[in-house]
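Below, read A as the first sequence line, B as the second, and so on, with proteins coming before strands; counting in each chain starts at 1.
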Amino acid sequence: MSDWKKLMTDAEEDNPQIAARKVKLAALRQAGINPYPNGFRPAWSLARIFHDHDPVTDAAALEQVHVSAAGRVMLLRSFGKLTFATLQDASGRLQIAVQRDTVGAEFYNEVFRKVEVGDHLGVEGHLFRTRTNELTLRATRVRLLTKSVRPLPEKFHGLEDRETRYRRRYVDLIVNPEVRELFRLRSRIIRHIRGFLEDRGYLEVETPMMHPIPGGATARPFVTHHNALGVDLYLRVAPELYLKRLIVGGFERVFEINRNFRNEGLSVRHNPEFTMLEFYQAYADYHDLMDLTEELLAGVVREVTGGGARVIHQGREIDFTPPWPRLTLAEALVRHAGADAQRMTERAYLEELLRRLGGEPRAGADAGALLLEAFELGAEARLIQPTFIMDYPVSVSPLSRRSDSRPEVAERFELFIGGWEVANAFSELNDPADQAARFRGQVAAKAAGDDEAMHFDADYIRALEYGMPPTAGEGIGIDRLVMLLTDAAAIRDVLLFPQMRPEGGE
RNA sequence: GGGCCGUUAGCUCAGUCGGUAGAGCAACAGACUUUUAAUCUGUGGGUCGUUGGUUCGACUCCAACACGGCUCACCA
């Protein structure tokens with residue numbers, strides 16, 4: 001144990017509330033009560049007890065219902081010889097009543113009176129209604145299932161401190177029901193996406209998280225080391241190149257929902273590890289994927305809203321009813337940033353446009369890079385309703401297929417919703433010679449100081465040389481999608497355990 | 001990384017002009033057999049994020065640092 005950890009432990013033991021709970025724990029053990037037994041098996045969830053019996057108005061009928069349940073004590077109201085407690089389990093809450101004369105004076109006084117908010121109980125008994133008509137479980141037997149030695153946050157305000165909520169998500173989940181709901185919804189969203197793709201013949205696969213050569217995205221990777229192999233490995237920045245190897249291998253439709261890792265700053269929309277959906281389909285192009293994306297996301301929104309097409313995100317209504325506008329980069333700049341449609345191919349005009357939008361042309365930036373940067377500054381944030389932006393410059397799309405009619409343009413789109421990039425997709429480059437040339441360009445950029453540029457992946461070129469069928473592929477950032485659908489303002493709100501600086505370090 | 005804001009009891013928060021800290025809930029002792037954030041009586045609980053500085057005196061003013069929030073930059 002490190003010194004600071006020991007200090008923290010000592011400090012916790014100084015907390016009189018924890019000390020008082022440990023005294024009770026010790027007293028229970030002294031009385032022969034195991035404070036952490038495993039063996040109680042609740043037959044009912046609290047929500048099921050409520051939903052099955054709350055409509056019942058006949059007191060005699062309720063009294064006939066025998067149930068057992070388990071849960072955490074969230075509220076405790078003691079009247080001496082009678083105690084009401086509110087139990088919470090995964091399904092919900094239910095009030096129980098424990099009477100001294102029912103459970104026995106010795107148990108009531110020596111054991112049950114030591115139960116506190118936070119403890120887990122197993123209860124058996126019958127149902128009744130209180131004078132205020134609340135359906136309540138009258139316990140005939142009570143068993144302590146887990147003693148809690150750490151006090152929960154105050155019952156009314158709960159836990160509001162954002163730092164503590166992120167660092168102790170378990171407490172956040174105990175006391176904040178809307179947080180539990182959000183993460184259940186996140187799970188449903190992912191389940192829906194998985195089902196959608198499986199229904200269309202996509203095979204779910206898992207590809208390496210540790211890459212000898214990081215690839216598939218322009219991003220700084222994390223580096224780690226494998227001792228036995230004696231090599232450095234990179235946590236993946238994208239699964240793309242492995243998924244396309246599987247297309248070469250003959251799986252014509254594959255997808256992966258998993259983590260990517262990028263060694264970049266944290267922000268309200270960035271976590272170093274984040275969840276990405278990538279899917280690839282042979283014999284399709286990026287237009288096919290636009291259709292598929294509309295269908296997929298409109299279906300997810302129906303799942304989330306119970307059949308609707310609209311969600312509210314941060315006070316703005318977003319309508320997912322297809323079809324969604326499909327604009328080229330240049331068209332988006334004309335429409336949203338007042339650019340001159342006649343001059344979008346003039347380099348001098350693009351520099352002027354970029355400056356007008358508050359940017360500064362970078363040394364060595366070609367016309368394509370200028371166009372993209374102008375778009376990001378002038379148009380991206382205004383794309384609130386779902387909008388496909390198409391036809392990116394090849395120079396900023398090193399893995400995309402070229403347009404047959406316009407070789408400087410990539411067959412690529414990004415989907416913007418709420419001002420954020422939510423998806424990135426393209427017809428895949430399957431010409432090994434062109435791909436090798438693009439890699440060489442990336443390597444040159446890296447040598448010139450671009451530490452996000454890609455490496456040359458010789459095995460990927462070798463795979464393409466065997467022949468990858470014409471393919472389209474897409475990545476969708478799951479965290480951002482969940483943010484949009486749950487009205488979350490920060491990525492940390494949709495991650496169970498967001499990355500935080502270590503606490504209490506020296 | 002820059003800017004702004006925050007950090008006081010287990011939790012949620014007050015704290016005046018610089019004079020060594022308060023409330024509610026929680027805890028502890030007690031009363032109470034139908035409460036709903038139960039109520040009532042009483043009691044205890046603080047390295048005011050950390051370290052320095054200014055001052056007779058610092059929760060308060062100043063600086064540095066730590067952690068967090070918002071925001072800008074980078075990115076998805």
Among [options], which nucleotide sits nearest the side chain of [X]?
X        : options             : value
A:Pro153 : B:A76, B:U12, B:C11 : B:C11
A:Arg501 : B:C67, B:C74, B:U34 : B:C67
A:Lys81  : B:A76, B:U33, B:U34 : B:U33
A:Thr130 : B:C11, B:U34, B:C70 : B:U34
A:Glu134 : B:U35, B:C13, B:A76 : B:U35

Q | CG on A:Leu241 to CG on A:Leu399, rounded to 0.5 Å | A | 6.0 Å

Q) Reading nucleotides 25-30 of chain B 5' to 3', which nucleotides get B (base under 4.0 Å from a protein heavy atom), which S (sugar-phosphate only), which -? A) BBSS--

Q. How about A:His313 and A:Trp420: are their ring centroids closer than 6.0 Å?
A. yes

Q) Are A:Phe416 and A:Phe375 close enough that their ring centres sit under 6.0 Å apart? A)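 Aromatic pair counts; centres sit under 6.0 Å.
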
Quick one: label [X] by what it contacts on the DNA or RNA (base, sugar-phosphate, nothing), any heavy atom closer than 4.0 Å.
X        : result
A:Gly158 : sugar-phosphate
A:Arg262 : base
A:Gln95  : base
A:Asp161 : sugar-phosphate
A:Phe128 : base

Q | Length of the CD1-P vector between A:Ile478 and B:A76, whole Å | A |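 Roughly 16 Å, once rounded to whole Å.
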
Q) Less than 4.5 Å apart, any side-chain heavy atom of A:Leu484 and any of A:Val311? A) no

Q: Could you check whether the rings of A:Phe413 and A:Phe388 sit parallel, tilted or perpendicular, using 30° and 60° as the cut-offs?
A: perpendicular

Q: Quote, to the nearest angstrom, the C1' distance that separates B:G30 from B:U50.
A: 42 Å

Check nucleotides 2-8 of chain B against the protein and report each pair of N or O atoms closer than 3.5 Å, with its distance, or say if there are none.
none

Q.
Does the Lys NZ or Arg CZ of A:Arg138 fall within the cation-pi geometry relative to A:Phe128 - under 6.0 Å from the ring centre and within 45° of the axis?
A. yes

Q.
Is the positively charged end of A:Arg412 above the ring of A:Tyr392, judged by distance under 6.0 angstrom from the centroid and angle within 45° of the axis?
A.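 Yes, a cation-pi geometry holds between A:Arg412 and A:Tyr392.
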
**Q.** Worked check of side-chain hydrogen bond (donor to acceptor under 3.5 Å, both in side chains) between A:Glu474 and A:Thr293
**A.** CA-CA 9 Å; A:Glu474 176 164 346; A:Thr293 302; 2.8 Å; yes

Is [X] close enough to [N] that one of its side-chain N or O atoms is under 4.0 Å from OP1 or OP2 there?
X        : N     : answer
A:Arg167 : B:G68 : yes
A:Arg77  : B:A38 : yes
A:Arg162 : B:G68 : no

**Q.** Matching residue for A:His211 among A:Phe261, A:Tyr234, A:Tyr242 - test: ring-ring contact (aromatic ring centres under 6.0 Å, His included)
**A.** A:Tyr242

Q. Does the side chain of A:Glu256 come under 3.5 Å of the side chain of A:Thr207 through a donor N or O and an acceptor N or O?
A. yes

Q.
Looking at A:Gln99 and B:U33, is any side-chain donor or acceptor paired with a base atom of the opposite kind under 3.5 Å?
A. yes

